[in-house]
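Here is the structure we will look at.
Sequence lines set the chain letters: A, B, ... in the order given, protein chains first and strands last, and positions in each chain run from 1.
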Amino acid sequence: MPHDLPKAYDPTAIEDRWAEYWVREKLFAQPTPNTANQEERLDGQSPFTILLPPPNVTGRLHMGHMLNQTEMDILTRWRRMSGRRALWLPGTDHAGIATQMMVERQLAEEGTSRQKLGREAFVERVWEWKRHYGGAILDQMKRLGASVDWQREYFTMDDHLSVAVREAFVRLYEQELIYRGAYIVNWCPRCQTAISDLEVVYDEHKGHLWEIRYPVIDANGEDTGEFLTVATTRPETMLGDVAVAIHPEDERYLHLHGKKLRLPVMNREIPVILDEWVSRDFGTGAVKVTPAHDPNDFAIGERHHLPSINVMDDTAHINAEGGAYAGLDRYVARKRVVADLEEQGLLAAVKDYTNNVGHCDRCKTVVEPRLSTQWFVKIQPLADKAIAAVKPGPNGEKAIRFTPEQYEKTYLNWMENIHDWCISRQLWWGHRIPAWHCSTCHKITVARVDPTACAHCGSTQITQETDVLDTWFSSGLLPVSVFGWPNITAENRGGFDAFYPTSLLVTGFDILFFWVARMIMLGCWFAGDVPMPDGSSRSLADSVPFREVYIHALVRDANREKMSKTKGNVIDPIEIVKQYGTDAVRFTLASMASPGTDIAFNVARTEGYRAFANKIWNAARFLFMNVDRAAEIGIAVDPAALGSMPAVAAEAPLEERWIVAELHSTAKKVNQSLENYRYDDAANTIYQFFWGSFCDWYLEIVKLRLDFSETADKAATKAALTTLVSVFEAALRLLSPFMPFLTEEIWHAVYDEDPPAKSIALTRYPQAAETPADEAALAEMSLLQSLIVEVRTLRKEIGVEEKAVTPIELRIGTHLRPVVKENSAMVERLARVTEVRFADQITTGLSKHSTPDFDLAVVYERTVDVAAERERLTRDIAKYEKGLAAAERQLGNESFLAKAPAQVVEGLKKQESETRLLMEKARAALDALPRA
RNA sequence: GGGCGGUUAGCUCAGCUGGUUAGAGCGCCUGCCUUACAAGCAGGAAGUCGGGGGUUCGAGUCCCUCACUGCCCACCA
C-alpha cells in the first residue's frame, strides 16, 4: 500500500503537481449547454456563474487578488460540489493607460518613443509585449489552484469582445446617449489624456491663496485707481481669465457691476459680472472667471456667454494664448506670474491655504482641469435602470443584492448623483472609437463596419477618430460580451441562456464605481433587449449582470497599515505561499474574511494554519497506519462506505455516534455560513471540528477500538475503522474548498490511488442529514468530556506526575453511572485513571472538584498545597457568590418573572440552584482544609 | 461639507433578530518527547465590551451624546 506519507507535511512537495493536474485535466471546464434543446436547458442543474474581475494584463498578484480569488474559489468549489453547474470565468484586462505606460517606458530605455514608432507600429509592439509577458498573473492564479475554466480565458481586446464594445458604442450613439463636445475634463499632462472623475484622486496639499488686485478702468480704458481683488489658488490660470464675478447682492462690489477691469499681466479688458454661484464669505468675494480651466468657471462662462481661452497645451505648458509666458511649464509660469504681479504692486496678499488637489490615479501627476473636446455618455437613463436594479421593487425583492448591505447605500448615493461619463482617452492602446470625421461637411459618421464615405455628404474625405475608449467601457460590458452578446441568435445563445445573469460578483470596494456600477448600467441596458429563451421579453431582474455582489475588505499588513510599495510593507502572496503553502495562506484569508472588516494579515496566523494542515496530514498518517495494520489481519474498509455522509447504528459505541453527530452539525453550520459569505465562521467551524473534536477526542478514543491482535473482535475493529475512515473522508471533502491541495493529496491516498473521481473537487459536499441529531450521544459525550477534563485539572492541581495513573472517586447520580461504566476504558485512557470508584460521599483527599453533575477526587498520596487550594476555593466561592447574587436579584424581580420567556426563567433557576450547590460544596471543602 | 464604518483579553478578531456566568486563534504561564503530529499533548491566567446618559424585567447587542480612529463621496475660487 502506498500509504507512506512523510512525517511532516511539506506543501511544496505536492502543490505544484496538483495545480498542474487540475489545469491539464481540464477539471473545471464547463461546457456550454445547447439551450435550443429544452431538456438540456432544464437539466435541473442550476448554474453558478462567476466572473473573475479581470486583472490588468500587466498585473502581478498581490494579497488583494489572493483574497479575492480565495473567496471566489471557495464558493465555486463549494457550489460545484453541491451539485451546481459551476462556471468561473477568467480573463485579463488590456488596461489602456497602465499597459501603454509600461511599453512606453520600455521604448524610452531603448532610446525611442511611441511617437517615433507611429501608432500602428506602437500598437503592434504592445501586442507583442502582451504575447510575451502578459497575463503572468493568470499563471500565478493557476499555481494557487483557482478552479476556473481555463478553456474560456479571454482578453478584453479579443475580437469577439471588441465586437461587443463597438456594438455598444454604436447603439448608445444611435440612441443619442453618446455625444461629443468641448467641456472641462480632468487632464493628465503626463499621460496626455483625459481621465474620468473617478480616475482623479484628491490629496490635501498645503498651498497658497493669492489675492490679486485687478485695476478697475473707465470707459476710456484708463485706470480709475480702484481695484477689485480676487483670490486664487492657481494664479497662472489668470492668463485665461475672461471676467470677474461677484455675488448679485454683495454691497461691497455692486457699484462695479458693468465696469471693466484690466487683467493684469495680460492687459486685457474683462467685465465684472454678477453670479449667484459666488460665495461672499470665501476669499475676497470676487472670483476670477477662467472658463477653460475650471468647471465652475466654465458653467459661469456658459451662463454669461463668455469666451473660453485655453492657455495650456497637452503637457500643461503655457501655449500661445499665454502671451509672454508661452512655453513655460504651469508651475514655472505660476512663479513668474506671481513675481510679475508683485513687481507691479498688484499682489494684495499671499495666504497659506490647504486645499484638495486632484492627482492622476495612474501616475499621480497633478491633474489639470482643462477645456477639451471629448466623448461622453449621457448617463442618466442608464443610471435610472441601475438604481432600479438595486432598490427593492414593488414586491420588496431586489434584483441585485449587496453583501455587506451597507454598500448598497454607497452605490445608490453615487448612482443618484452621477455625472456624465467621459469615455474618450487620448491613447493608442485600446478600443478605437468607431467614429469618422468628414473633412468636407465636418459631420461624424459612427458605424458598425468601417465606412468608406461620410454618411452625411458622401465625401470620401473621412478619417477615423484617434481616441480610444476608457478601459472600463469594455470591462463594463464583460458580463454580456463574454457570453456572446451582441450575437445572440437562436443557434448561438446557449452560453447567454445558461450563464446570464451571472450568480455573483466578488470584488473589492475600490472598483465599486469603476467597474461594478458600470457593469450594472451597461448590463441592464443591453441585456434588457435580449429576449428570454422562450422569446418573451426580459425583465430587469433577468437583465442584471449578476444577482449578488459580495464586496470584500482590504488586506492590510499586521499593523493594520495599508500595504504600499512606498511604505515597503507589501506582503507578496507568492513568497508567503512558498513559505507556508497555498492552503495555509488561503485558510488564513478565509478565516479572517469577516464581511465588512479589513484583514490585518499576520503570518503568525498563517503559521497556525500550516500547523493545522500538518495536523490533518498526521491524522491521515495515523489512519493509514491502522488501515495497513488491519489489512494484515484481513480487515478492509469497504469503499462503498465512503463518499457520502457517514451514519452509524444506534448500538454503535458512544464515540462513533458522537463524532458522526458532530460531523453532521459541522456540515450544517459550514453550509449555512457559506450561504451567508461567512468564510470566517465556516473556516473556524471546520478547524474546530477537525482539530478539536476529531483529533483531540475521537482519535484518542478510537485507539481503544483498533485492536489488531489475534484475539480481536474483528467485526468491532472493522466497524470502528470504517467509521474512522468514512468520517475522515467526509471531513476532507468539507475542508477541500478551503485547502484544495492537501485534501486532494490525502483523498487520493484514502482511495489507495484508485479514487471514484478525478478529483475531490468533483465529489459531493457533505450535507447534514434531515433526521434530528443524536442528542443522547452529544449529551453523554459531553458529560464524559467534562469528567475527563476535571480529572486532568485536578491531577495538575494536586501535582500528580504526568505519567502516574491513579484511581478516582466519583459521586454521580445513579442514572449517569451507566454512562461512565460503559465508557470506563475511555475515561481511564484519556484521564490516566486506573479505576473509577463510585461513592455516595467523597472520602479521599483534601482536594476535590465539583460540577453540577458530579463530585470527584483523585486518589493519590501527595501533600496538598493547602495555601493554593485555599486560594482556588476562595476564588471559586467569590465567583459563585457573584453569579448567585445576580441570579437571585433577577429571580426576585417580579417583572422579570412575568415578562421573560419561560425558558429563560427556567434556565436561570437551574443555574441558580446549581451555583448554590457548587458554592456550598466549595465552602465545605474550604472548611475541611487544615488551618494554616 | 456630506455619507459610511470601527472602538470587546497583551495582539488579531467573532459575538445572528437584546435573554442564563462574553468566545476563538496567536501570545503568555505550568507540566509532558503519552510511537499520527514538539508545526505536538495536557492544564492555566487574562476582559468594569471607548466615556456618559437613556429605553427595557434584562444591553456587548437598541436609542441619544461625547471622544478617538479609519474609509468613501463633494465644482467653493
Side-chain angles (χ1 to χ4, degrees), chain A residues 5 7-9 184 197 202 209 230-234 237 245 277-279 281-284 286-290 294-299 355-356 369 404 406-407 409-410 413-414 417 419 509-510 512-513 554 558 560 562 580 591-592 594 596-602 604-605 607-626 676 678 680-681 684 687-688 695-696 699-700 703 789 792-797 799 801-803 829-830 832 879-880 882-884 886-887 890 893-901 903-912 915:
Chain A
L5 303 182
K7 186 170 172 182
Y9 169 59
I184 297 285
D197 294 349
Y202 289 91
L209 195 59
V230 302
T232 180
T233 54
R234 294 188 293 154
T237 63
W277 178 82
V278 178
S279 164
D281 40 11
F282 186 89
T284 61
V287 186
K288 58 190 270 312
V289 179
T290 323
D294 183 280
N296 295 308
D297 294 8
F298 182 77
N355 66 339
N356 278 333
Q406 70 201 57
Y407 286 107
K409 270 191 220 161
T410 311
N413 185 47
W414 184 79
N417 296 292
H419 296 307
F509 61 80
D510 50 330
L512 179 59
F513 306 137
L554 216 61
R560 305 202 62 68
K562 218 173 192 169
Y580 300 97
S591 72
M592 298 188 82
S594 183
T597 310
D598 283 350
I599 292 176
F601 191 91
N602 195 333
R605 224 154 139 159
E607 263 172 55
Y609 292 124
R610 181 186 55 179
F612 178 51
N614 186 54
K615 186 79 183 172
I616 292 162
W617 184 261
N618 278 287
R621 291 179 59 229
F622 172 77
L623 246 81
F624 296 150
M625 188 183 87
N626 284 288
N676 296 311
R678 292 306 302 256
D680 56 335
D681 282 348
N684 292 333
Y687 180 93
Q688 171 51 36
C695 292
D696 288 347
L699 282 192
E700 290 308 317
K703 284 175 181 172
V789 169
R792 287 168 174 167
T793 309
L794 191 46
R795 283 169 55 95
K796 187 93 167 177
E797 272 171 18
E801 290 100 342
E802 201 73 22
K803 277 181 179 166
R829 180 183 171 102
L830 270 60
R832 293 178 184 277
K879 191 176 73 188
Y880 296 145
K882 200 176 151 198
L884 199 58
Q890 240 185 321
N893 185 332
E894 281 180 28
S895 16
F896 169 71
L897 296 175
K899 294 183 181 177
Q903 98 196 40
V904 172
V905 176
E906 283 313 305
L908 194 62
K909 279 184 179 166
K910 185 176 173 216
Q911 181 210 317
E912 189 242 26
T915 308

_Base-contact (B) and sugar-phosphate-only (S) positions in nucleotides 5-12 of chain B, heavy-atom cut-off under 4.0 Å, - elsewhere_ = -------B
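- The side-chain contact (heavy atoms from CB on, under 4.5 Å) check on A/N356 picks up A/Y202, A/E204, with sequence neighbours excluded.
- In this entry the distance linking CG of A/N684 with P of B/C16 reads 15 Å, nearest Å.
- The gap from the P atom of B/G2 to that of B/A74 amounts to 16 Å, rounded to the nearest Å.
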*If pairs are Watson-Crick or G-U with both distances under 3.5 Å, what is the dot-bracket string of RNA chain B, marking crossing pairs with [ ] and pairs to another strand with |?*
(((((((..((((.....[...)))).(((((.......))))).....(((((..]....))))))))))))....
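- Scored by the side-chain hydrogen bond (donor to acceptor under 3.5 Å, both in side chains) test, A/D510 finds no partners at all (sequence neighbours excluded).
- Evaluation of the side-chain hydrogen bond (donor to acceptor under 3.5 Å, both in side chains) rule for A/Y9 yields no partner, not counting sequence neighbours.
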*Any chance you could list the contact pattern along nucleotides 72-77 of chain B? Use B for base contacts, S for sugar-phosphate-only contacts and - for none, protein heavy atoms under 4.0 Å, 5' to 3'.*
-SBBBB
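- Shown here are the side-chain contact (heavy atoms from CB on, under 4.5 Å) partners of A/N296, two or more places apart in sequence or in another chain: A/W277, A/D294.
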Can you pull every protein N or O that's under 3.5 Å from an N or O on nucleotides 45-50 of chain B?
none

Close N or O pairs between protein and nucleotides 55-58 of chain B (under 3.5 Å):
unit_1, atom_1, unit_2, atom_2, d
B/C57, OP1, A/K899, NZ, 2.0
B/C57, O4', A/S895, OG, 3.3
B/C57, O2', A/N893, ND2, 2.8

*Base-contact (B) and sugar-phosphate-only (S) positions in nucleotides 32-38 of chain B, heavy-atom cut-off under 4.0 Å, - elsewhere*: SSB-BBS
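- Residues forming a side-chain contact (heavy atoms from CB on, under 4.5 Å) with A/E912 (at least two apart in sequence, or on another chain): A/L884, A/A887, A/E888, A/L891, A/R916.
- Applying the side-chain contact (heavy atoms from CB on, under 4.5 Å) criterion to A/D696, with sequence neighbours excluded, gives A/K615, A/W691.
- A/V789 comes within 4.0 angstrom of the backbone, heavy atoms only, and of no base.
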